[in-house]
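Let me begin by presenting the structure, written as structure tokens, before commenting on it.
Note on naming: letters A, B, ... go to the chains in the order of the sequence lines (proteins, then strands), and numbering restarts at 1 for each one.
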Protein chains: 4
Amino acid sequence: MRNERKNSIRRNIIDTASRLFYEQGYGNTGINQIIEESGVVKSSLYTAFRTKEEILMAYLETAGAATDEALKTAANKHTKAKDKVLGVFDFLIELVQQKDYYGCNFLNIISEVPKDAAVVRRQIKKQKDGVRRLFAEILTPIQKEDLADEIYVLFEGALIGNKVHDDTWPVTAAREVVNKLL
Amino acid sequence: MRNERKNSIRRNIIDTASRLFYEQGYGNTGINQIIEESGVVKSSLYTAFRTKEEILMAYLETAGAATDEALKTAANKHTKAKDKVLGVFDFLIELVQQKDYYGCNFLNIISEVPKDAAVVRRQIKKQKDGVRRLFAEILTPIQKEDLADEIYVLFEGALIGNKVHDDTWPVTAAREVVNKLL
Amino acid sequence: MRNERKNSIRRNIIDTASRLFYEQGYGNTGINQIIEESGVVKSSLYTAFRTKEEILMAYLETAGAATDEALKTAANKHTKAKDKVLGVFDFLIELVQQKDYYGCNFLNIISEVPKDAAVVRRQIKKQKDGVRRLFAEILTPIQKEDLADEIYVLFEGALIGNKVHDDTWPVTAAREVVNKLL
Amino acid sequence: MRNERKNSIRRNIIDTASRLFYEQGYGNTGINQIIEESGVVKSSLYTAFRTKEEILMAYLETAGAATDEALKTAANKHTKAKDKVLGVFDFLIELVQQKDYYGCNFLNIISEVPKDAAVVRRQIKKQKDGVRRLFAEILTPIQKEDLADEIYVLFEGALIGNKVHDDTWPVTAAREVVNKLL
DNA sequence: TATGAATGAGCGTTCATTCAT
DNA sequence: TATGAATGAACGCTCATTCAT
């Protein structure tokens with residue numbers, strides 16, 4: 001019961017903050033907006049999290065786990081290595097066309113965190129290293145793991161290109177290069 | 001006389017703001033810091049620029065022109081199309097290793113501007129369209145302009161990958177893919 | 001006209017803050033109370049003063065000048081050195097009996113400023129050094145300036161004793177010792 | 001068992017709070033810091049003490065008993081009345097030179113307690129009345145008890161003078177006056 | 001009794017912008 | 001046109017205390 005309540009507060013904050021951080025950005029989201037939209041009192045928020053940055057970390061971890069899962073699922077729809085990789089890019093193509101898609105959770109954050117927020121940067125790097133590893137794991141069976149990072153660079157180019165141009169073509173272009181590479 | 005002064009004020013603000021926006025980010029840089037470090041008084045700043053966003057626009061335009069120039073110069077060091085393209089990536093490799101390099105000016109900004117700042121987003125898109133066009137112009141003579149956008153996606157992947165991992169390898173990996181593609 | 005307004009804001013803040021700092025203490029007085037009772041808007045206050053501590057400094061300087069003046073006046077009512085010194089203690093006796101007297105401005109502050117507020121402590125020390133100097137200057141003509149610090153210690157004992165016991169007797173006792181010493 | 005635990009909690013809180021109140025001041029020490037550094041959970045603290053002020057009272061009483069003891073010990077090192085009194089000031093001279101000395105426990109507090117904290121002020125007065133009584137008791141055998149309060153004022157002047165000037169000379173000066181008086 | 005969770009009020013400070021001259 | 005002064009709203013965070021279990 002106690003934990004339920006604590007968790008409900010934490011969850012509530014993380015859920016609200018996640019939505020706001022994602023839609024508006026970290027800097028453009030104030031603690032006050034988080035408490036208003038979550039209904040959690042300010043001091044309770046600061047009992048659950050010591051700083052705004054800690055909320056950001058929770059957001060990154062939550063979104064990170066979901067992203068890992070989604071990418072793996074997309075890959076595992078296929079059996080052959082090349083299809084798995086292409087499956088990831090197919091997933092991206094669908095993803096970026098969703099109307100509530102505002103770009104990659106992690107790339108959105110990385111440019112607006114202050115210099116001294118090394119923990120945040122490290123977490124994002126860690127998340128992205130997971131994607132590199134995913135590609136490497138898929139490609140190892142066909143002895144093409146040395147292509148993992150090249151494909152990863154295309155993955156990032158697809159995401160940020162979509163953000164800049166607000167269009168699907170960067171993802172499609174990246175997929176096409178992957179298709180040629182493998 | 002007046003115009004000189006006005007222009008010197010504008011330049012002064014743009015120079016200072018550019019440095020700060022680039023090093024700290026747009027949101028992490030306050031108007032007060034800009035006036036302190038530029039020596040321009042606050043109301044003069046607001047005579048020269050109507051909003052903070054206008055200063056941002058001036059920064060993007062200034063940095064954009066310089067970037068265009070630098071990329072063209074890097075390409076024009078070579079004569080053959082493929083070499084020109086690779087020359088651009090070679091330039092990136094050197095660029096990201098400079099100690100005062102904090103990432104791509106434009107990708108740094110795009111994620112932290114508020115939703116309603118369509119002008120800013122449009123400007124960044126325009127800037128990046130210039131890069132696509134550059135690749136297309138280089139590749140047209142050898143009838144490979146349809147690869148321009150694929151190479152552009154690698155260009156962006158290189159930049160943002162460098163930002164995330166704080167390392168040169170994403171740029172090198174992107175260059176390698178370009179080498180294979182052409 | 002401009003300066004009038006600026007000064008009126010500064011003066012207004014200093015006056016209000018002085019009263020509140022003196023009556024309630026520095027820590028027990030919030031910026032919000034200062035702005036409410038002075039009528040000055042919060043951001044105007046922070047244009048005039050960079051920090052709360054700066055307001056404290058202005059208070060100490062203002063009160064310090066007034067105190068210096070009052071002590072000198074009290075001393076100069078007399079011509080003989082001993083009478084001058086006793087005059088200072090007579091002034092104290094009257095002072096501490098005033099109904100709006102809450103103790104020495106400076107001793108009130110010294111114990112509640114944080115460790116790192118060295119500027120504040122230095123200012124208080126400087127103020128008190130002025131009192132020591134006053135006694136020394138009075139006593140030099142009769143070649144008793146070596147007693148200045150002993151009398152100064154009695155001066156402080158009188159003030160803090162009055163604060164602790166909320167009574168005039170510590171001042172009277174100090175005066176009596178001075179009478180014996182000279 | 002329960003009482004042991006309760007007492008250990010009380011002692012723990014008092015010890016931690018005493019250290020913090022003394023080193024940082026009452027206002028500059030928050031309940032949160034006390035619970036963090038004592039390891040006692042917040043609600044247990046509020047079971048043992050009803051308010052922060054009650055903790056302050058416990059601190060004053062504890063420190064008061066220790067101070068009484070120390071002063072008596074210092075006096076009883078001697079047999080003659082004058083020596084006893086001078087012994088107290090000798091003790092002060094050593095005391096204020098200790099590196100973890102931050103001023104008189106009681107004078108440190110008196111200026112920063114809110115107006116309405118009459119209990120606290122009364123306790124401090126009571127503590128200091130004990131010092132006056134000590135001097136009186138020492139001086140009664142030699143029929144000089146009428147000097148007790150004059151010596152007490154010097155005692156306070158020594159302490160607060162040391163606080164202001166961060167130096168031993170005020171204590172030495174006070175001792176010298178005592179020497180002359182007796 | 002003991003406690004983990006929750007509270008509302010307030011902290012000092014900074015934001016981008018506008019006004020009066 | 002240029003400027004020093006002024007603005008209201010919001011910032012992230014901490015306070016001493018109380019509640020439900």
Side-chain angles (χ1 to χ4, degrees), chain A residues 1-10 27-36 39-55, chain B residues 1-3 5-6 9 26-35 40-56 114, chain C residues 1-10 27-36 40-55, chain D residues 1-3 5-6 9 26-35 40-55 114:
Chain A
M1 184 67 152
R2 292 170 189 163
N3 269 344
E4 281 175 33
R5 223 156 141 189
K6 177 178 180 180
N7 283 340
S8 94
I9 283 200
R10 268 191 77 93
N28 297 319
T29 302
I31 288 286
N32 287 327
Q33 196 183 2
I34 296 175
I35 65 164
E36 270 161 33
V40 173
V41 168
K42 196 179 275 193
S43 18
S44 299
L45 182 149
Y46 275 98
T47 309
F49 298 92
R50 289 215 306 220
T51 60
K52 189 188 173 189
E53 197 179 295
E54 254 185 38
I55 308 180
Chain B
M1 178 72 153
R2 290 173 190 163
N3 267 344
R5 222 162 131 190
K6 179 176 178 182
I9 285 185
Y26 177 66
N28 297 320
T29 302
I31 289 285
N32 285 328
Q33 196 182 1
I34 295 175
I35 65 160
V40 173
V41 292
K42 197 177 276 190
S43 2
S44 301
L45 181 149
Y46 275 95
T47 307
F49 299 92
R50 288 212 315 229
T51 61
K52 189 187 174 189
E53 198 177 293
E54 269 192 10
I55 309 181
L56 174 60
Chain C
M1 185 68 150
R2 292 169 189 164
N3 270 342
E4 281 175 34
R5 222 156 140 192
K6 178 180 181 181
N7 284 339
S8 93
I9 284 200
R10 267 191 77 92
N28 297 319
T29 302
I31 288 286
N32 287 327
Q33 196 182 4
I34 296 175
I35 66 163
E36 271 162 31
V40 173
V41 168
K42 198 179 272 197
S43 15
S44 300
L45 180 150
Y46 275 96
T47 309
F49 298 92
R50 290 214 306 218
T51 60
K52 190 188 175 191
E53 196 178 295
E54 253 185 39
I55 308 181
Chain D
M1 177 69 153
R2 290 172 190 165
N3 267 344
R5 223 163 130 191
K6 180 177 176 181
I9 286 184
Y26 176 66
N28 297 319
T29 301
I31 289 285
N32 285 328
Q33 197 182 1
I34 296 174
I35 66 160
V40 173
V41 291
K42 198 176 278 192
S43 3
S44 302
L45 181 149
Y46 275 96
T47 307
F49 298 93
R50 288 210 316 228
T51 61
K52 190 187 174 190
E53 198 177 294
E54 269 191 10
I55 309 181

Quiz item: Is dG8(F) paired to anything, Watson-Crick or G-U wobble with both distances less than 3.5 Å, and if yes, which nucleotide?
Solution: dC15(E)
Quiz item: Now, which nucleotide makes the Watson-Crick or G-U wobble pair with dA20(E), with each of the two distances under 3.5 Å?
Solution: dT3(F)
Exercise. Would you kindly compare Thr29(C) and Lys42(B) by the position of their nearest DNA chain E nucleotide and give the one closer to the 5′ end?
Key: Thr29(C)
Practice problem: With DNA chain E as reference, determine whether Asn32(C) or Val41(A) sits nearer its 5' end, using the nearest nucleotide of each. | Solution: Val41(A)
Practice problem: Go through dG4(F), dA5(E), dT17(E) for me and flag the one nearest to the Ser43(D) side chain. | Solution: dA5(E)
Self-check item: Per Thr47(C) side chain, nearest of listed nucleotides dC15(F), dT18(E), dA6(F)
Solution: dA6(F)
Self-check item: Side-chain donor or acceptor of Lys42(B) paired with backbone N/O of Ile31(B) under 3.5 Å
Solution: no
Quiz item: Reckon Tyr46(D) has a side-chain N or O less than 4.0 Å from the OP1 or OP2 of dT17(F)?
Solution: yes
Exercise. Please state whether the phosphate of dT7(F), meaning OP1 or OP2, lies under 4.0 angstrom from any side-chain nitrogen or oxygen of Ser44(C).
Key: yes
Self-check item: Atom-pair distance (CD1 on Ile9(C); P on dG4(F)), nearest Å
Solution: 16 Å
Quiz prompt | Length of the CD-C1' vector between Glu36(A) and dA9(F), whole Å | solution = 12 Å
Exercise. Look at all strands and tell whether Ile31(A) reaches a base, only sugar-phosphate, or nothing, counting heavy atoms closer than 4.0 Å.
Key: sugar-phosphate
Quiz item: In terms of the nearest nucleotide of DNA chain F, which residue is placed more toward the 5' end: Gln33(A) or Leu45(C)?
Solution: Leu45(C)
